[in-house]
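A short write-up of the structure that comes next.
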Amino acid sequence: MTSLRGRTVTLAAAAVAAFALCSAPDASASAPAALWFDTSAAATISTQGVEFVDGYGREVVLRGFNVSGEEKLEENNGLPFASVADASSSAVALRRLTGSNAVRFPLNWAHIQPAPNQIDTGYLAQVTAQMAAFLDQGIQVFPDFHQDLYSRYLFNQGSWYTGDGAPQWVIAAGNYPKENCGICVTWGQNITQNAAVQDATADFWHNRVLTTSAGDIGVQDAFLDQAQQTMSYLKQHLTGAEFARITGIDPANEPYAGNYDSGQNSQSWEQNVLWPFYQKFRSRMNTAGWGSKPAFVEPNVFWNANIAFEKQPGGLTVGQFGPGFAFNTHFYDEQAISGVLMPGNAGDGQYLSDFGTIRQRATGTASPAIVSEFGMPATGSVAGKTPSVLKAMYQAMDSSVAGANWWSQAASSGSVLSGTQWQWDIYNGRHHELMNGNPDKVQTTADGWNGEDFSSVDLGANGIAQLREDANLLDRIYPSAVAGTTLAFNYEDRVVDTWSPIPSSMPNLAQLVGSGQYGVLVWRGNGGPAPTELSLPATFTASNTTVLSDLGTSTGLPAYTAHGQTADHPIAIAAQLGGSGAQRLILSPPSNDSGTLHYALIANGSTAPSSGLVAAAAGELAKWAAATNWNTAR
């Protein structure tokens with residue numbers, strides 16, 4: 001969870017609901033047979049320039065959620081889920097309801113290393129089993145060593161706030177001042193105004209030597225030791241197929257200096273303190289057998305804030321990262337969350353500059369970018385803005401061009417960013433958390449954490465996971481694996497308003513799309529064996545989906561079948577891995593397509609359009625693709 005979310009948010013408490021467990025997936029339901037390209041090559045993600053790629057050389061976009069903020073609470077002993085059954089049903093629901101192919105999975109340092117030089121393998125065994133529930137659904141996972149306000153053990157039972165991260169023995173040995181945030185009105189202000197949090201955080205970065213029952217121990221050394229042992233445990237106890245879907249790991253959530261040294265600022269701190277830490281962590285990854293997986297490294301938490309008095313220089317300006325790293329950042333619209341600084345809704349293109357900055361930093365580091373946290377409150381005084389804010393954030397991850405200009409400026413659309421929304425908490429509104437261990441401060445509503453309510457899911461009265469936000473917003477088309485170079489992508493979800501209408505110069509295409517949702521992908525082929533895949537929302541069925549492409553047209557999608565690597569249909573539908581019911585579109589160009597321009601428009605506006613309308617619309621799309629100067633694109 002992010003400190004930025006907590007700086008200006010005011011949330012209304014949700015009603016208390018009776019606790020109910022998610023039902024486990026039906027054991028009798030058999031998962032669909034894996035397709036020939038659903039192999040370890042597809043599951044193994046690496047970095048190549050500013051893109052994530054799989055073993056087939058396809059550009060991969062990771063989309064999903066953080067699961068679950070329950071890790072920050074003590075009601076289930078720092079575990080994301082109360083049981084493996086809950087983790088499994090949550091994974092199935094995530095896949096089915098949103099089409100997600102990736103999750104950021106928080107880990108709890110305090111529970112991994114409850115005493116100096118001791119690792120709780122019982123906790124790691126439960127974490128591993130819960131993580132495997134997502135991996136077995138075909139979902140990519142990148143674990144996250146999560147922290148907020150450094151440690152919950154800095155806070156007293158009567159405090160307004162709480163934290164998570166460092167173990168109790170670290171805080172006891174640190175002898176920190178009594179926590180006090182003075183006139184803080186939100187929990188995130190503790191980062192810069194609470195001396196206990198500031199001092200403890202600074203000690204971590206300076207690797208302060210603590211006197212403990214096990215002798216003198218450098219606090220950062222202790223963290224790195226437990227991280228290496230955690231990574232080793234996961235590699236040893238996950239199956240080979242499961243470990244292949246571990247995409248990488250996030251070494252430190254939302255890093256901040258605590259206190260700057262004399263003459264130091266956020267940028268020099270990143271260069272001289274944070275980056276060396278990441279290099280040490282990278283070395284521990286190599287030792288633990290994670291050498292082929294990237295570290296998802298975050299800059300100073302305030303580097304891309306959209307409130308001027310919080311924004312700080314940085315963005316890990318250390319030159320090119322080199323192999324083994326991905327640029328990992330968060331973005332929240334603090335102005336929208338405040339309810340005051342942005343009084344109305346977000347609009348078309350609102351976050352293009354913010355996310356453009358993220359793309360620029362990825363280019364500067366020569367590594368892929370992922371926005372591993374973004375989101376808005378699901379309830380409360382600002383929840384009315386949430387659909388527009390999330391739509392604008394997803395739009396900015398999909399493309400660098402506003403919807404109103406997309407068709408005329410598609411060649412400037414740019415790369416598609418990966419992202420994991422905060423958050424996916426099936427226990428939302430059903431918590432029983434003793435805040436800071438205080439039996440008189442039992443948190444039951446919302447996320448159970450510092451008054452926040454960001455979860456996109458909860459359990460209905462029947463105990464089954466359901467979305468709390470518009471399904472059309474969260475269940476999206478996105479290019480999950482592109483066999484070549486993505487030149488442009490656009491998705492019109494029709495949430496809030498239509499930001500990307502079909503131009504009047506293509507009347508037949510506009511008629512075909514109608515008032516439905518549509519997506520457009522343009523790419524250059526790489527001549528590789530595996531096809532291009534796009535996640536298909538539940539609103540795109542085999543019968544109501546029309547695809548117009550240089551590969552042909554389809555007014556109703558046939559099931560994907562292949563003889564070896566040769567597909568019966570160049571445009572087809574297939575189930576996602578895992579048996580959740582999620583679907584994907586499979587586009588199979590000819591094998592000799594290296595450098596060939598491809599395009600595909602996917603629409604669900606007409607169940608059975610006439611052949612004449614389809615032909616006319618396909619002609620308009622082909623004319624548009626041919627007239628666009630794609631040589632300027634990437």
- When rounded to the nearest 0.5 angstrom, what distance separates CG in Leu94 from OG in Ser68? 11.0 Å
- Would a distance-only check, ignoring hydrogens and angles, find a side-chain to backbone donor-acceptor pair under 3.5 Å from Trp424 to Ala91? no
- Counting distance only, does the side-chain N/O of Gln350 pair as donor-acceptor with the main-chain N or O of Gly347 below 3.5 Å? yes
- Task: Please examine the side chains of Ser535 and Gln576, heavy atoms only from C-beta on, and report whether any two atoms are closer than 4.5 Å.
- Result: yes
- Task: Of all the heavy-atom pairs spanning Leu473 and Val495, show the shortest one and how long it is.
- Result: N-CG2, 3.7 Å
- Task: Could you verify whether a donor N or O on one side chain and an acceptor N or O on the other, from Asn328 and Arg104, lie under 3.5 Å apart?
- Result: no
- Task: Let me know which of Trp624, Tyr518, Trp499, Tyr491 forms a ring pair (Phe, Tyr, Trp, His ring centres under 6.0 Å) with Trp406.
- Result: Trp624
- Task: Check the side chains of Glu469 and Thr386 for a donor-acceptor pair under 3.5 angstrom, ignoring hydrogens and angles.
- Result: no
- Go through the steps to decide whether Thr363 and Arg359 satisfy the test side chain to side chain donor-acceptor pair (under 3.5 Å), and finish with yes or no. CA-CA 6 Å; Thr363 299; Arg359 286 183 173 90; over 6 Å; no
- Query: Should Ile573 and Phe540 count as side-chain neighbours, where that means a heavy-atom distance under 4.5 Å?
  - Reply: no
- Query: Will you find, in the side chains of Ser505 and Trp407, an N or O donor that is under 3.5 Å from an N or O acceptor?
  - Reply: no
- Task: Determine, step by step, whether Val141 and Thr247 satisfy the side chain to side chain contact (heavy atoms under 4.5 Å, CB included) criterion, reporting the C-alpha distance in whole Å, the side-chain angles of both residues, the deciding distance to 0.1 Å, and the verdict.
- Result: CA-CA 6 Å; Val141 173; Thr247 312; 5.9 Å; no
- Message: For Tyr332 and Glu373, which I'm curious about, is there any donor-acceptor pair between the side chains at under 3.5 Å?
- Response: yes
- Residue pair Asn101 / Gln140, side-chain donor-acceptor N/O under 3.5 Å: no
- Nearest non-hydrogen partners of Pro589 and Leu551, listed with the distance: CA-CD2, 3.8 Å
- Task: Report yes or no: does Ser549 contribute a side-chain atom to a donor-acceptor pair with the main-chain N or O of Tyr599 at less than 3.5 Å?
- Result: yes
- So, do Ile249 and Pro143 sit near enough that their side-chain heavy atoms are less than 4.5 Å apart? yes
- Can any side-chain N or O of Thr365 pair as donor or acceptor with the backbone N or O of Ala362 at less than 3.5 Å? yes
- Is a donor on one side and an acceptor on the other found under 3.5 Å between the side chain of Ser594 and the backbone of Gly527? no
- Item | Test log, rule side chain to side chain donor-acceptor pair (under 3.5 Å), inputs Ser399 and Asn490 | CA-CA 6 Å; Ser399 173; Asn490 184 32; 5.8 Å; no
- Only one of Asp497, Asp470, Asp493 clears salt bridge (Lys or Arg N to Asp or Glu O under 4.0 Å) with Lys391; which? Asp493
- Output the distance between atom OG1 (Thr485) and atom CG (Leu597), rounded to the nearest 0.5 Å. 11.0 Å
- Query: Does one side chain, of Asp354 or Asn304, offer a donor that lies under 3.5 Å from an acceptor on the other?
  - Reply: no
- Nearest-0.5 Å distance that lies between atom OH in Tyr427 and atom OG in Ser90: 7.5 Å
- Message: Looking at Glu620 and Asn508, would you say the former's side chain and the latter's main chain have a donor-acceptor pair under 3.5 Å?
- Response: yes
- Message: Can you confirm whether Leu135 sits close enough to Phe105 that some side-chain heavy atom of one is under 4.5 Å from a side-chain heavy atom of the other?
- Response: no
- Got a donor-acceptor contact below 3.5 angstrom from the Gln335 side chain to the Asn306 backbone? yes
- Query: Nearest 0.5 Å, what's the CZ-CG distance between Arg63 and Asp398?
  - Reply: 4.5 Å
- Query: Would you call Lys385-Asp333 a salt bridge at under 4.0 Å N-O?
  - Reply: no
- Query: Looking at Ala575 and Arg584, what are the two nearest heavy atoms and their distance?
  - Reply: O-NE, 2.9 Å
- Donor-acceptor contact below 3.5 Å, side chain Asp348 vs main chain Ala404: yes
- Task: For the residue pair Asn66 and Gln421, confirm or rule out a side-chain donor-acceptor distance under 3.5 Å.
- Result: no
- Test item: Ser455 side-chain N/O and Val457 main-chain N/O as donor-acceptor pair under 3.5 Å: yes
- Look at atom CD of Gln48 and say whether more than 12 heavy atoms of other residues, nucleotides or ligands are closer to it than 6.0 Å. no
- Query: Going from OG1 on Thr546 to CG on Asn604, what distance comes out if it is rounded to the nearest 0.5 angstrom?
  - Reply: 9.0 Å
- Task: Output, in order, the C-alpha distance, side-chain angles, deciding distance and verdict of side chain to side chain contact (heavy atoms under 4.5 Å, CB included) for Leu512 and Leu548.
- Result: CA-CA 10 Å; Leu512 178 72; Leu548 309 179; 3.5 Å; yes
- Task: Taking all non-hydrogen atoms of both residues into account, name the closest pair between Pro106 and His146 and its distance.
- Result: CB-CB, 4.1 Å
- Task: Grab the two heavy atoms, one from Ser388 and one from Asn345, that are nearest each other, plus how far apart they are.
- Result: OG-CB, 3.3 Å
- Item | Among Phe325, Phe327, Phe52, the one residue meeting ring pair (Phe, Tyr, Trp, His ring centres under 6.0 Å) with Phe296 | Phe52
- Can Leu536 and Leu557 be said to form a side chain to side chain contact (heavy atoms under 4.5 Å, CB included), step by step? CA-CA 12 Å; Leu536 276 186; Leu557 300 177; 4.0 Å; yes
- Query: Side chains of Ser372 and His330: do they bring a donor and an acceptor to under 3.5 Å?
  - Reply: yes
- Query: Just checking, is any N or O donor in the side chain of Asn428 or Gln423 under 3.5 Å from an acceptor N or O on the other one?
  - Reply: no
- Is any side-chain heavy atom of Ser480 closer than 4.5 Å to a side-chain heavy atom of Val61? no
- Message: What I want to check is whether the side chains of Thr357 and Arg361 have a donor and an acceptor closer together than 3.5 Å.
- Response: no
- Message: Can you confirm whether Asn472 sits close enough to Arg494 that some side-chain heavy atom of one is under 4.5 Å from a side-chain heavy atom of the other?
- Response: no
- Query: Roughly how far, to the nearest 0.5 Å, is CG of Leu621 from CG of Leu601?
  - Reply: 5.5 Å
- Task: Check whether more than 12 heavy atoms from other residues, nucleotides or ligands sit under 6.0 Å from atom NZ of Lys311, and answer yes or no.
- Result: yes
- Message: Quick check against the 3.5 Å criterion: does Glu492 have a side-chain atom that pairs as donor or acceptor with the backbone of Ser500?
- Response: yes
- Query: Do Ser588 and Tyr560 have side-chain N/O donor and acceptor atoms under 3.5 Å apart?
  - Reply: no
- Between Arg95 and Ala582 the two heavy atoms that sit nearest each other are O-CB, 3.5 Å
- Task: With side chain to side chain contact (heavy atoms under 4.5 Å, CB included) as the test, would you mind laying out the steps for His598 and Thr532 before giving the verdict?
- Result: CA-CA 10 Å; His598 297 297; Thr532 288; over 6 Å; no
- Query: Are Val482 and Phe489 close enough that some pair of their side-chain heavy atoms sits under 4.5 Å apart?
  - Reply: no
- Item | ring pair (Phe, Tyr, Trp, His ring centres under 6.0 Å) partner of Phe331, the single match among Phe374, Phe355, Trp422 | Phe355
- Query: Can you find a pair of side-chain heavy atoms, one from Arg58 and one from Pro531, that are under 4.5 Å apart?
  - Reply: yes
